[in-house]
Amino acid sequence: QVQLVESGGGLVQAGGSLRLSCAASGRTFSSDAMGWFRQAPGNEREFVAAISWSGGSTYYADSVKGRFTISRDNAQNTVYLRMSSLKPEDTAVYYCAARRGRYPSTRSNEYAYWGQGTEVTVSS
């Protein structure tokens, strides 16, 4: 059974940092692109960041560029999202996703596997 399990969310003050982790099991994801998406209350799920199978290519939403960093450790089947200079508008549930393909997409419907999400709250 394929599972993606996110962790690392929590409450942080504006300007602070968090690192989210996504541990994959039930499938080898080293050949898959991975992505992070988020959904704030009342909003649609939106793209945050994505990384290619090798980690050689990364993509970011304009709203997080320069503040967030996506990385992966294929030996550990884990993807990370380092978030810095957090703002209240970053408050959301963050989801990890895996795409059956080497190169990432910003479109959520192109990802086959999803985690349950981890909540991030940024206080002002």
Side-chain angles (χ1 to χ4, degrees):
Q1 181 180 358
V2 175
Q3 271 195 315
L4 298 177
V5 179
E6 302 95 336
S7 62
L11 174 64
V12 63
Q13 288 189 329
S17 299
L18 282 175
R19 189 181 79 159
L20 305 184
S21 299
C22 171
S25 62
R27 172 183 167 89
T28 300
F29 287 91
S30 57
S31 297
D32 296 340
M34 302 289 292
W36 286 94
F37 292 77
R38 68 187 181 186
Q39 188 167 16
N43 290 0
E44 293 186 352
R45 191 170 297 188
E46 65 175 3
F47 169 75
V48 175
I51 189 166
S52 63
W53 69 282
S54 66
S57 297
T58 56
Y59 302 87
Y60 298 93
D62 288 343
S63 60
V64 307
K65 205 171 291 183
R67 301 188 297 120
F68 290 12
T69 302
I70 188 171
S71 61
R72 67 189 298 162
D73 182 342
N74 284 343
Q76 299 294 324
N77 241 13
T78 302
V79 177
Y80 304 97
L81 184 69
R82 174 69 177 175
M83 307 186 294
S84 303
S85 302
L86 282 161
K87 305 175 181 179
E89 51 264 44
D90 294 318
T91 295
V93 177
Y94 283 72
Y95 297 91
C96 171
R99 183 169 190 250
R100 284 195 293 251
R102 294 191 166 192
Y103 299 101
S105 169
T106 61
R107 300 178 180 178
S108 60
N109 62 2
E110 295 189 7
Y111 287 78
Y113 306 103
W114 290 84
Q116 293 300 306
T118 185
E119 190 166 359
V120 172
T121 302
V122 184
S123 63
S124 57

Enquirer: If you count the non-hydrogen atoms of other residues, nucleotides and ligands that lie under 6.0 Å from CD in Gln116, is the total more than 12?
Expert: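 Open: at most 12 neighbouring heavy atoms sit under 6.0 Å from CD of Gln116.
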Enquirer: With side-chain contact (heavy atoms from CB on, under 4.5 Å) as the test, would you mind laying out the steps for Asp73 and Tyr80 before giving the verdict?
Expert: CA-CA 8 Å; Asp73 182 342; Tyr80 304 97; 4.2 Å; yes
Enquirer: List in chain and number order the residues that pass side chain to side chain donor-acceptor pair (under 3.5 Å) with Ser85, two or more places apart in sequence or in another chain; answer none if no residue qualifies.
Expert: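 By the side chain to side chain donor-acceptor pair (under 3.5 Å) rule, Ser85 matches no residue at all.
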Enquirer: Say whether, by atom type as modelled, one donor and one acceptor occur between the side chain of Tyr111 and the main chain of Ser105 under 3.5 angstrom.
Expert: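 Yes: the side chain of Tyr111 pairs with the backbone of Ser105.
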Enquirer: Restricting to non-hydrogen atoms, name the atom on Lys65 and the atom on Asp62 that form the minimum distance, rounded to 0.1 Å.
Expert: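 Here Lys65 and Asp62 meet closest at NZ-OD1, 3.1 Å.
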Enquirer: Side chain of Glu6, backbone of Cys22: donor and acceptor closer than 3.5 Å?
Expert: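 No; zero donor-acceptor contacts below 3.5 Å.
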Enquirer: Say you draw a straight line from CZ of Arg72 to OG of Ser54; how long is it, rounded to the nearest 0.5 Å?
Expert: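 If I round to the nearest 0.5 Å, the distance is 8.0 Å.
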Enquirer: Heavy atoms only: give me the nearest Thr78-Ser21 pair and the separation to one decimal.
Expert: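 Smallest heavy-atom distance, with atoms named: CG2-CB, 4.4 Å.
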Enquirer: Residues in side chain to side chain donor-acceptor pair (under 3.5 Å) with Asp90, at least two apart?
Expert: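 Listed in chain order: Arg38, Arg67.
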Enquirer: Going from CG on Asn43 to CD on Glu89, what distance comes out if it is rounded to the nearest 0.5 angstrom?
Expert: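 So the gap between those two atoms works out to 12.0 Å.
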Enquirer: Linking Ile, Leu, Val, Met, Phe, Trp and Tyr by side-chain heavy atoms under 4.5 Å, what else ends up with Val122?
Expert: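 Listed partners: Val2, Leu4, Val12, Leu18, Leu20, Phe29, Met34, Trp36, Val48, Ile51, Tyr60, Val64, Phe68, Ile70, Val79, Leu81, Met83, Leu86, Tyr94, Tyr113, Val120.
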Enquirer: Measuring from atom OG of Ser52 to atom CZ of Arg102, what distance do you get when rounded to the nearest 0.5 angstrom?
Expert: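 That separation rounds to 10.0 Å.
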Enquirer: Measure the acute angle between the ring planes of Trp114 and Phe37, then classify it against the limits of 30° and 60° as parallel, tilted or perpendicular.
Expert: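 Tilted.
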Enquirer: Between Asn74 (side chain) and Trp53 (backbone), is there a donor-acceptor pair under 3.5 Å?
Expert: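 Between the backbone of Trp53 and the side chain of Asn74 there is a qualifying donor-acceptor contact (under 3.5 Å).
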Enquirer: Please report the shortest heavy-atom distance between Ser124 and Pro88, naming the atom on each side.
Expert: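 In this case the closest contact between Ser124 and Pro88 is CB-CG, 3.8 Å.
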Enquirer: How many angstroms lie between atom OG1 of Thr121 and atom CD of Gln13, to the nearest 0.5 angstrom?
Expert: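 Answer rounded to 0.5 Å: 13.0 Å.
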Enquirer: Got a second to check how far Glu46's CD is from Ser63's OG, nearest 0.5 Å?
Expert: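 Answer for the CD-OG pair, Glu46 versus Ser63, is 5.5 Å.
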